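A quick write-up on the structure given underneath.
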Amino acid sequence: MTRSLVALAVLGGVFFASTASAQDDLVKRGAYLVNGPAACANCHTPRNPDFSLMAGKDLAGGFHLVDPAFDVYSANITPDPNTGIGKWTDAQIARAIRQGIDDKGNVIFPPMPVPTYNSMSDDDVKAIVAYLRTIPAVQNEVPESKWNIPLKPMPEPKGTAAPSPDDKVAYGRYLVTSIAHCFECHTTPDEHGVPDFANHLGAGGLKITLGPGMDVVTPNITSDKETGIGKWSAADIKKALTEGLTPSGQHLSPPMPFPWFKNMTDQDLDAVVAFIQTLPPISNKVERTEFQKTAFK
Ligand code: HEC
Ligand code: HEC
């Protein structure tokens with residue numbers, strides 16, 4: 001071999017090694033987001049009657065969500081070519097996540113938190129798509145969803161890069177408002193049942209039906225001292241996010257996504273808590289339902 005060929009071979013090796021590891025990093029980031037702050041499995045993995053996740057059906061869809069506005073089944077987002085999204089392009093999957101439009105051009109939300117995902121960075125949506133390509137394909141045909149309201153997709157995403165994690169509150173805001181969709185559950189609905197983000201951000205009171213006779217109502221997570229979590233310490237909030245336990249020992253019921261939030265890094269959890277503590281107080285007293293108080297001890 002001549003010297004230049006040796007140099008080329010070495011360069012080639014370096015090139016492949018670095019692209020392979022860039023792809024590994026992307027998949028790793030996607031795995032972290034999907035199984036941590038984004039908690040996609042909270043909706044996309046079907047459940048047993050006791051609400052535990054069905055074994056071997058990770059992200060295979062079919063979870064039934066009912067509300068006056070919709071009667072939907074989560075989609076199979078595994079790479080199965082016939083019942084999942086194996087035949088979709090990367091761009092189609094990214095569009096479903098950030099704009100709520102499927103491969104045929106149909107609008108697919110609510111309740112998928114597409115309004116939150118609309119501001120997800122280009123890097124993070126790419127990471128999620130890359131990870132979804134690597135999970136086991138599960139064959140699972142899902143029934144069709146129906147909506148009783150007019151549907152509108154979200155606008156073209158801006159794709160703005162996430163703020164630096166060194167800016168704790170800004171990064172916490174990004175995690176909460178672009179990935180972890182806290183406000184899609186924790187915001188008071190207006191008279192049409194739509195979360196009133198403008199006036200009641202984080203003030204709770206959204207009713208979520210887990211099944212017949214199984215209603216839960218989301219608590220107020222603003223800094224209001226009487227009706228919100230204004231008296232909780234940062235450690236208290238972190239414990240609710242990771243263990244599903246309140247300072248008074250109440251076990252949090254589904255769909256509070258603590259089984260996924262517990263996979264978040266300490267740094268990201270601290271950022272989320274720091275941002276949540278900046279929420280202006282809104283007085284709104286929310287009563288837990290009887291089911292919620294007793295079912296998930
Ligand atoms: C609150 C529940 C919920 C969460 C959380 C959620 N989704 Fe969905 N998603 C749904 C429902 C319901 C549908 C199916 C709507 C329909 O039938 O068209 C869906 C559809 C999709 C689709 C379109 C697939 C298809 O075949 O139409 C993709 C892709 C998708 N979700 C990805 C994700 C990813 C990735 C995450 C996490 C970042 C996520 N979703 C989080 C409820 C959710
Ligand atoms: C899919 C809906 C959903 C999402 C997303 C969600 N939560 Fe919750 N959360 C709930 C429900 C429901 C409860 C109440 C459970 C119960 O009382 O049994 C709850 C309870 C809580 C509590 C306990 C409050 C109290 O007074 O007991 C805190 C704190 C909380 N959530 C914070 C968050 C934060 C922060 C995020 C985002 C990082 C988040 N939640 C995302 C549904 C959700």
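Note that the coordinates shown come from a computational prediction; the quantities given were computed from them, not determined experimentally. We count ligands from 1, going down the list as the structure has it; atoms in each ligand are counted the same way.
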List ligand 2 atoms under 4.0 Å from [X], heavy atoms only on the residue side.
X    : value
I276 : 35 (C)
Q292 : 14 (C), 15 (C), 16 (C), 17 (O), 18 (O)
A180 : 5 (C), 38 (C)
H251 : 18 (O)
F261 : 36 (C), 37 (C), 38 (C), 39 (C), 41 (C)
S253 : 15 (C), 16 (C), 18 (O)

For [atom], what's the nearest protein heavy atom and its distance?
atom                    : value
atom 17 (O) of ligand 2 : R288 NE, 2.6 Å
atom 14 (C) of ligand 1 : Y73 O, 3.5 Å
atom 35 (C) of ligand 2 : L241 CD2, 3.6 Å
atom 24 (C) of ligand 1 : A75 CB, 3.4 Å
atom 28 (C) of ligand 1 : I77 CG2, 3.5 Å
atom 2 (C) of ligand 1  : C43 SG, 1.9 Å
atom 11 (C) of ligand 1 : S74 CA, 3.6 Å

**Side chain to side chain, H181 and Y117, heavy atoms closer than 4.5 Å** =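 Sidechains of Y117 and H181: in contact.
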Are M256 and L241 side-chain neighbours, meaning at least one heavy-atom pair lies under 4.5 Å?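 The answer is yes; the side chains approach within 4.5 Å.
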Residue [X] vicinity, atoms of ligand 1 by number, heavy atom under 4.0 Å:
X    : answer
I128 : 35 (C)
P113 : 1 (C), 3 (C), 4 (C), 5 (C), 6 (C)
V72  : 12 (C)
A96  : 29 (C)

For the residue pair [Y] / [X], report whether a side-chain donor-acceptor contact shorter than 3.5 Å exists.
X    : Y    : result
D224 : T227 : yes
Y32  : D268 : yes
T83  : D80  : yes
S121 : D123 : no
D190 : H200 : no

Do the charged groups of [X] and [Y] touch, with an N to O distance under 4.0 Å?
X    : Y    : result
R288 : D215 : no
K207 : D67  : no
E226 : K231 : yes
D90  : R133 : yes

If you draw a 6.0 Å radius around [atom1] in [X], do more than 12 non-hydrogen atoms from other residues or ligands fall strictly inside?
X    : atom1 : value
Q139 : CD    : no
K293 : NZ    : yes
K239 : NZ    : no

Within less than 4.0 angstrom of ligand 2, does [X] place any heavy atom?
X    : result
W232 : yes
T246 : yes
E184 : no
F183 : no

For side-chain hydrogen bond (donor to acceptor under 3.5 Å, both in side chains), just list the numbers for D124 and Y174, CA-CA rounded to whole Å, side-chain angles, deciding distance to a tenth of an Å, and then say yes or no.
CA-CA 11 Å; D124 282 346; Y174 172 75; 2.8 Å; yes
With respect to [atom], which of [options] exhibits the smallest heavy-atom separation?
atom                    : options               : value
atom 37 (C) of ligand 1 : A41, C40, P143        : C40
atom 23 (C) of ligand 1 : D102, I108, L65       : I108
atom 30 (C) of ligand 1 : H181, K146, R95, M112 : M112
atom 41 (C) of ligand 1 : W147, W260, Y117      : Y117

Which segment of [X] sits under 4.0 Å of ligand 1 when only heavy atoms are counted:
X    : answer
P255 : neither
W88  : side chain
I97  : side chain

Of Q99, R98, R95, which is the lone residue that meets side chain to side chain contact (heavy atoms under 4.5 Å, CB included) with E156?
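Going through Q99, R98, R95 one by one, the side chain to side chain contact (heavy atoms under 4.5 Å, CB included) with E156 is satisfied by Q99 alone.
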With a 4.0 Å cut-off on heavy atoms, is V34 touching ligand 1?
->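 The answer is no, since V34 has no heavy atom less than 4.0 Å from ligand 1.
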* Asked: Can you find an N or O of S145 that's nearer than 3.5 Å to an N or O of ligand 1?
  ->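 Among all N and O atoms of S145, at least one is under 3.5 Å from an N or O of ligand 1.
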Check your understanding: Which residues and atoms, counting only protein N, O or S, are under 2.8 Å from atom 8 (Fe) of ligand 2?
Key ->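 Near atom 8 (Fe) of ligand 2, the protein supplies H186 NE2, M256 SD.
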Looking at H44, pick out the N, O or S atom nearest to atom 8 (Fe) of ligand 1 and give its name.
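The closest N, O or S atom of H44 to atom 8 (Fe) of ligand 1 is NE2.
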For the pair F296 and H251, evaluate ring-ring contact (aromatic ring centres under 6.0 Å, His included) and give the outcome as yes or no after the intermediate values. CA-CA 6 Å; F296 291 94; H251 288 260; 9.8 Å; no
